[in-house]
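Report on one structure; see the data block that follows.
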Amino acid sequence: MTGRPITLHLSSRGAPTFLAGVGVITLLAWAAGTWLASRPYFDGPAARIPVVALAPLLAALLLGPTLAGADEDLERSTPLPWRAWRAGHLLVAALVTAMALSLAGLRDSHTFGAHALVRNTLGCIGLVAGGAVLLGARLAWLPAFVYVSAVYAAAPRQTGATVAAWAWPIQPSTTSASWLTAVTIFAVGAAGYVHGGSRALAVRRFRSRGAP
Amino acid sequence: MTTVSVDGLRVSYGKRVVFDDLDLELGVGVHGLLGPNGAGKTTLMRVLATVLRPDRGEVRLLGHHIGNPPALRQARRQLGYLPQAFGFYPRFTVREFVEYFAWLKEMPPARIPLAVDRAIERVGLLERADDRMKHLSGGMLRRAGIAQAIVNDPRLLLLDEPTAGLDPEQRVQFRALLRELGLDAVVLVSTHLVEDIVAACTRVNLLDGGRLVFTGLPDELIAAGGDGDSGDSPIERGYTAVLRGARTAPR
């Protein structure tokens, strides 16, 4: 296979916009993390919580529109092994985003640094993938945006296992429960997306079942 | 020779049943699919395009049973489909759009450049081949959609209202293209424009309320109409007469 079909496929998904966006978010995350950590009114690594919570969320929101082509019916009528392509698309996007964002937190990788950025990238991308399955690619951003915003606003300061499980986006990366939740969300969202692709299940219940 | 066979098809949207026990057989040629809004034309097209899985029933396309994944993939390689309203890729040029679908249809890479040019030429868009799709008119977009549908020389071509948005001259050219395609492929054309049926179709299928109420030659549909039936042309009178008969007959 030559690179031409891959180029067309990436272009059909708006991948250049996504990649450019991730680059900009990485730069902003790096600059904001450094700036926040140097403020006298913040105390230590917790200064980077806004960056750790919001940068993966923004990157995942940018990923949403890339999870479907312009016409799902037209593409589904073709013989391409779509499940394999969807799996590749999501895994490569998660890998690229996690690698880029982790660069922004490498200086202090523990607690609220690179590790937490990777965890939150997985969790947010899982939420967006699940959102694409339930609501379609255009609204895929909605569950991730609502959930992470709500957790950030609630801002629980405890670090127990229960809190870490639901407030994973703003927990230190050293809490294993937060990782468990984020990785589970990624696995479930990715499995749903790979199996069924971007489609509005909530709407299709009233329409009919689609083909793979 | 039957190359599309639908047996006992049932499709429902929630509680609304669109088809219940529909049978249909299509051979090589151009088949018109007529029917009022909501009759099930687009649903049937989506089932045959393998994008909508029926609740039950057997669908065989070009000898392949589409319930079997390897056979489904084989059938899709020989399929061309134009949905009623297709989403286009604004950043793509016409050539890139058709090329992308040639690749999605798993055409041999060496054949793609020539096939793309030929498909674009057949729909009369060669001069606009390098224009971005966001700069095309509605009729041109429709023709680009037809080009992607025919790029792989499909043995089964499904066109859902392909002439919507085409001007009269383009429609005449399109009918000629349909007749040409129907020489060695199964072409199913859903339309509300009955004059397209007379001009281009070898057979007509008429759906009403999810039932196949007529299947036959265009001349037979014309003959079903009388002077007392409503319509401005013989085939329109035949169309309304068949619909009226189907609705008054006991089910």
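What you see below is based on every heavy atom in this structure, not just the backbone, and it leaves out hydrogens, waters and symmetry mates. Residue numbers start from 1 in every chain, and the chains themselves are labelled A, B, ... in the order their sequence lines are given, proteins ahead of strands.
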message: Counting heavy-atom pairs closer than 4.5 Å to chain A, which one of B:Tyr100, B:Phe101, B:Phe92 comes out on top?
response: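 Counting heavy-atom pairs under 4.5 Å, the top option is B:Tyr100.
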
task: Heavy atoms only, distances under 4.5 angstrom: which of B:Lys105, B:Glu106, B:Glu96 has the most pairs with chain A? Name it, please.
output: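 Answer, by heavy-atom pair count under 4.5 Å with chain A: B:Glu106.
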
query: Is it true that the side chains of B:Thr3 and B:Arg155 contain a donor and an acceptor less than 3.5 Å apart?
result: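 On atom types as modelled, these side chains do not qualify, holding no pair under 3.5 Å.
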
Engaged part of [X] at the chain A interface, taking heavy atoms whose separation is under 4.5 Å:
X: B:Arg77; value: both
X: B:Leu79; value: side chain
X: B:Ala102; value: neither

- prompt: Which residue out of A:Pro79, A:Ser77, A:Ala70 racks up the most heavy-atom pairs below 4.5 Å with chain B?
  reply: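 Winner by heavy-atom pair count: A:Pro79.
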
message: Between A:Arg76 and A:Glu72, does the salt bridge (Lys or Arg N to Asp or Glu O under 4.0 Å) criterion hold? Intermediate values first, please.
response: CA-CA 6 Å; A:Arg76 281 171 196 266; A:Glu72 278 288 285; 2.9 Å; yes

message: Among residues at least two apart in sequence or on other chains, which ones pass side chain to side chain contact (heavy atoms under 4.5 Å, CB included) with A:Asn120?
response: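 Residues passing side chain to side chain contact (heavy atoms under 4.5 Å, CB included) with A:Asn120: A:Val52, A:Pro56, A:Trp168, A:Pro169.
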
message: B:Leu126: which residues meet the side chain to side chain contact (heavy atoms under 4.5 Å, CB included) condition with it, sequence neighbours left out?
response: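 For B:Leu126, the residues satisfying side chain to side chain contact (heavy atoms under 4.5 Å, CB included) (neighbours in sequence not counted) are B:Ile120, B:Glu121.
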
- prompt: Are B:Arg56 and B:Asp20 ion-paired here, with the side-chain N under 4.0 Å from a carboxylate O?
  reply: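 Yes, this pair counts.
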
- request: Against chain B, label A:Thr7 side chain, backbone, both or neither, depending on which of its atoms sit under 4.5 Å from a heavy atom there.
  value: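 Neither the backbone nor the side chain of A:Thr7 comes within 4.5 Å of chain B.
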
Can you give the donor-acceptor pairs under 3.5 Å from side chains of residues 136-150 of chain B to other protein atoms, not counting sequence neighbours?
residue  : atom : partner  : partner atom : Å
B:Ser137 : OG   : B:Met140 : N            : 3.3
B:Arg142 : NE   : B:Glu161 : O            : 3.2
B:Arg142 : NH1  : B:Pro83  : O            : 3.4
B:Arg142 : NH1  : B:Gln84  : O            : 3.1
B:Arg142 : NH2  : B:Pro83  : O            : 3.0
B:Arg142 : NH2  : B:Gln84  : O            : 3.0
B:Arg142 : NH2  : B:Asp160 : O            : 2.7
B:Arg142 : NH2  : B:Glu161 : O            : 3.0
B:Arg143 : NH1  : B:Val123 : O            : 3.2
B:Arg143 : NH1  : B:Gly124 : O            : 3.2
B:Gln148 : NE2  : B:Tyr81  : O            : 2.8
B:Gln148 : NE2  : B:Gly145 : O            : 3.0

When rounded to the nearest 0.5 angstrom, what is the spacing between [atom1] in [X] and [atom2] in [Y]?
X: A:Leu57; Y: A:Ser149; atom1: CG; atom2: OG; result: 6.0 Å
X: B:Cys201; Y: B:Leu34; atom1: SG; atom2: CG; result: 7.5 Å
X: A:Trp85; Y: A:Ile6; atom1: CH2; atom2: CD1; result: 3.5 Å

- prompt: Of all the residues in residues 110-118 of chain B, which have a heavy atom that comes within less than 4.5 Å of a heavy atom in chain A?
  reply: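 Listed by number, there are no contacting residues, so the answer is none.
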
